[in-house]
Asks: 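Quick one: the structure is below, questions incoming.
Every number for a ligand or one of its atoms is a count from 1 in the order of the listing.
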Amino acid sequence: MSVSYMTHPLIKHKITLLRKQTTGTNEFRKLIEEIAMLMGYEALADLPTADIEVNTPIEKTVQPVINGKKLAVVPILRAGLGMVNGILALVPSAKVGHIGLYRDPETHLPHEYYCKLPDAIDERQIVVVDPMLATGGSAVAAVDFIKARGGKKIKFMSVIAAPEGVSALMKAHPDIQLYVGCLDRCLNENAYICPGLGDAGDRIFGTK
Ligand code: PRP
Ligand code: URA
C-alpha cells in the first residue's frame with residue numbers, strides 16, 4: 001500500500017481550523033468539503049486520460065480528457081458524507097456509493113448497517129472517504145465490503161489519521177492507496193485521535 005501525506009499549506013491551514021473547539025457546525029462542514037476537494041486534487045493526479053479531437057474557434061486539435069468508467073466516491077457514514085461534495089466538485093459525473101458503519105462505544109469495533117455501491121464497481125476507480133482513521137477498524141471493514149462486491153482499484157482518503165489506523169489498514173489491504181491529510185500522535189483510552197478534532201460525525205451534523 002502507498003501512503004501519501006498531504007504537504008500543501010492550504011490543506012494544513014484548513015485542518016488546523018477544523019480542529020479548533022470553537023469551530024461551529026457551519027464552518028466545520030465548509031472546511032471538510034474544501035479539504036476533501038484539495039486532497040482529491042492530489043489523490044486523482046494519476047487518473048487516466050485519452051486524447052480526443054476538438055474544434056477550437058481557431059483550428060482542429062487533439063487534446064486529453066479523463067478516460068474510463070466513471071469514478072465511484074464511497075463515503076463511510078456518517079462523517080464521510082461531509083467529504084462527498086468536495087470530490088464531486090472535481091468530478092461531477094462520479095457515482096456515489098454508501099457504506100454505513102458505526103463504532104461500538106465499548107468495544108470500538110465497527111458494525112455494518114448499510115452498503116449500496118454503484119454498478120460495474122469492478123471497473124471503477126473507487127475513492128473511499130472518511131475524515132477519521134482511528135483504530136482503522138471501520139476503514140478495514142469498508143474496504144472488505146467493497147472488495148467482496150468486486151471493487152479492485154481503491155483509494156482511501158482520510159483527513160486525520162492515527163499511526164494505529166494507518167498500520168491496520170496497510171496490513172489488511174496492502175494493495176490500496178491511502179491519502180492522509182495529517183498524521184496525528186496516538187489514540188486515547190476511548191480510541192479517539194489525539195490531538196484530533198473530536199467526533200467528526202457529531203461536528204458535521206451538530207449532534208452530541
Ligand atoms: C467515526 C469515523 C470513522 C470511525 C473511525 O465514525 O467517521 O468512520 O469513527 O474510527 P475507527 O478507525 O476506530 O474505526 P463513527 O463510528 O463515530 O460513526 P459516525 O460517523 O456515524 O459518527
Ligand atoms: N472517530 C471520530 O470521529 N473521532 C476520533 O477521534 C476517532 C474516531
Asks: Within a distance under 4.0 Å of any heavy atom of Arg103, pick out the atoms of ligand 2 and give their elements.
Replies: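 Near Arg103, meaning under 4.0 Å from one of its heavy atoms, ligand 2 has 7 (C), 8 (C).
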Asks: Tell me which protein heavy atom sits closest to atom 3 (O) of ligand 2, plus the residue, atom name and distance to 0.1 Å.
Replies: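 Protein heavy atom with the smallest distance to atom 3 (O) of ligand 2: Ala200 N, 2.8 Å.
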Asks: Please write down residue, atom name and distance for the protein heavy atom closest to atom 3 (C) of ligand 1.
Replies: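 Here the nearest protein heavy atom works out to Asp130 OD2, 3.0 Å.
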Asks: Counting only heavy atoms closer than 4.0 Å, does ligand 1 sit against the backbone of Ala200, its side chain, both, or neither?
Replies: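 Neither; no heavy atom under 4.0 Å.
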Asks: With heavy-atom distances below 4.0 Å as the criterion, list the atoms of ligand 2 near Gly198.
Replies: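 That gives atoms 2 (C), 3 (O), 4 (N), 5 (C), 6 (O) of ligand 2.
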Asks: Are the side chains of Val128 and Ile76 in contact, using a 4.5 Å heavy-atom criterion?
Replies: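 Touching, per the 4.5 Å side-chain cut-off.
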Asks: Near Ala79, which atoms of ligand 1 are under 4.0 Å from a heavy atom of that residue?
Replies: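 Answer, ordered by atom number: 7 (O), 20 (O).
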Asks: What I want to know is whether Gly136 and ligand 1 share at least one N or O pair that is separated by under 3.5 angstrom.
Replies: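 Between Gly136 and ligand 1 (N or O atoms, distance only) the closest approach is under 3.5 Å.
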Asks: Have Glu112 and Tyr114 got a donor and an acceptor in their side chains that come within less than 3.5 Å?
Replies: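 Per modelled atom types, Glu112 and Tyr114 side chains form no pair under 3.5 Å.
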Asks: Is atom 1 (C) of ligand 1 less than 4.0 angstrom from some protein heavy atom?
Replies: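 Looking at atom 1 (C) of ligand 1, one finds that no protein heavy atom lies closer than 4.0 Å.
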Asks: When you measure from the side chain of Arg203 to the backbone of Leu18, do you find a donor-acceptor pair of N or O atoms at a distance under 3.5 Å?
Replies: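 Confirmed, Arg203 side chain pairs with Leu18 backbone.
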Asks: Hey, which of Leu31, Thr23, Ile160, Leu17 is the one that makes side chain to side chain contact (heavy atoms under 4.5 Å, CB included) with Leu197?
Replies: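 It is Ile160, the one option of Leu31, Thr23, Ile160, Leu17 that forms the side chain to side chain contact (heavy atoms under 4.5 Å, CB included) with Leu197.
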Asks: Could any protein non-hydrogen atom be found less than 4.0 Å from atom 19 (P) of ligand 1?
Replies: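 Under the 4.0 Å cut-off, atom 19 (P) of ligand 1 does have protein heavy-atom neighbours.
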Asks: Tell me whether Arg103 contacts the main-chain N or O of Pro110 through its side chain, where contact means a donor paired with an acceptor under 3.5 Å.
Replies: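 Answer holds: no.
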Asks: For atom 6 (O) of ligand 2, what is the closest protein heavy atom, and at what distance to 0.1 Å?
Replies: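 It is Ile193 N, 2.8 Å.
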Asks: Any side-chain heavy atom of Ile154 sitting closer than 4.5 Å to one from Lys147?
Replies: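 Yes, side chains in contact.
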Asks: How far is atom 17 (O) of ligand 1 from its nearest protein heavy atom, and which residue and atom name does that atom have?
Replies: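 For atom 17 (O) of ligand 1, the nearest protein heavy atom comes out as Asp199 OD2, 4.1 Å.
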Asks: For Ala191, counting its heavy atoms only, list the atoms of ligand 2 lying under 4.0 Å from any of them.
Replies: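 Ligand 2 atoms under the 4.0 Å threshold to Ala191: 7 (C).
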Asks: Keeping the roles fixed (side chain from Asp199, backbone from Gly201), state whether a donor-acceptor pair exists under 3.5 Å.
Replies: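 At least one qualifying donor-acceptor pair exists.
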Asks: Just to be sure I read this right, does ligand 2 sit under 4.0 Å from the backbone of Pro131, its side chain, both, or neither, counting only heavy atoms?
Replies: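 Under 4.0 Å from ligand 2, Pro131 contributes no heavy atoms.
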Asks: Among all protein heavy atoms in this structure, tell me which lies nearest to atom 5 (C) of ligand 1, with the distance rounded to 0.1 Å.
Replies: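 Looking only at protein heavy atoms, the one closest to atom 5 (C) of ligand 1 is Met132 O, 3.5 Å.
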Asks: Go through Met83 and Val159 one step at a time and tell me if the side chain to side chain contact (heavy atoms under 4.5 Å, CB included) criterion holds.
Replies: CA-CA 9 Å; Met83 298 175 71; Val159 175; 3.9 Å; yes
Asks: Hey, is Pro110 one of the residues with a heavy atom under 4.0 angstrom from ligand 1?
Replies: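 Pro110 does not count as a contact of ligand 1 under the 4.0 Å cut-off.
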Asks: If you count the atoms of ligand 2 from 1 in the order shown, which ones are under 4.0 Å from a heavy atom of Ala134?
Replies: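 Those atoms are 7 (C), 8 (C).
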Asks: Quick check on contacts: which atoms of ligand 1 are under 4.0 angstrom from a heavy atom of Tyr102?
Replies: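 Near Tyr102, meaning under 4.0 Å from one of its heavy atoms, ligand 1 has 16 (O).
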Asks: Distance to 0.1 Å, residue and atom name: give those for the protein heavy atom nearest to atom 5 (C) of ligand 2.
Replies: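 Of every protein heavy atom, Tyr192 CD2, 3.3 Å lies nearest to atom 5 (C) of ligand 2.
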Asks: Any nitrogen or oxygen of Ile76, side chain or backbone, less than 3.5 Å from one on ligand 1?
Replies: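 For ligand 1, there is no N or O atom that lies under 3.5 Å from one belonging to Ile76.
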Asks: Is there a heavy atom of Arg203 sitting under 4.0 angstrom from any atom of ligand 2?
Replies: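 No, Arg203 has no heavy atom closer than 4.0 Å to ligand 2.
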Asks: Hey, is Asp130 close enough to Arg78 for a salt bridge, meaning N to O under 4.0 Å?
Replies: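 Arg78 and Asp130: not salt-bridged.
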Asks: Taking 4.0 angstrom as the limit, do Asp175 and Lys153 come out as a salt bridge?
Replies: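 So Asp175 does not pair with Lys153 through a salt bridge.
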Asks: Going by heavy atoms in the side chains, are Tyr113 and Tyr102 under 4.5 Å from each other?
Replies: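 Yes, their side chains come closer than 4.5 Å.
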Asks: In terms of residue, atom name and distance, what is the protein heavy atom nearest to atom 14 (O) of ligand 1?
Replies: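 The protein heavy atom lying closest is Ser138 OG, 2.6 Å.
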Asks: Going by side chain to side chain contact (heavy atoms under 4.5 Å, CB included), Leu133 matches just one of Asp184, Val166, Leu183. Which one?
Replies: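 It is Val166; the other options fail the test.
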Asks: Can you name the closest pair of heavy atoms from Ala43 and Met157 and give their distance?
Replies: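 Taking Ala43 first and Met157 second, the nearest heavy atoms are CB-SD, 4.2 Å.
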Asks: Do me a favour and list the nearest non-hydrogen protein atom to atom 21 (O) of ligand 1 with residue, atom name and distance?
Replies: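 Atom 21 (O) of ligand 1 sits closest to the protein heavy atom Arg78 NE, 3.0 Å.
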Asks: Among all protein non-hydrogen atoms, which one is nearest to atom 15 (P) of ligand 1, and what is the separation to 0.1 Å?
Replies: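 Scanning the protein heavy atoms, the shortest distance from atom 15 (P) of ligand 1 goes to Arg103 N, 4.2 Å.
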Asks: With the threshold set at 4.0 Å, does a side-chain nitrogen-carboxylate oxygen contact exist between Asp119 and Arg124?
Replies: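 Yes.
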Asks: So is Ala162 touching ligand 2 or not, going by heavy atoms under 4.0 Å?
Replies: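 It does not; every heavy atom stays at 4.0 Å or beyond.
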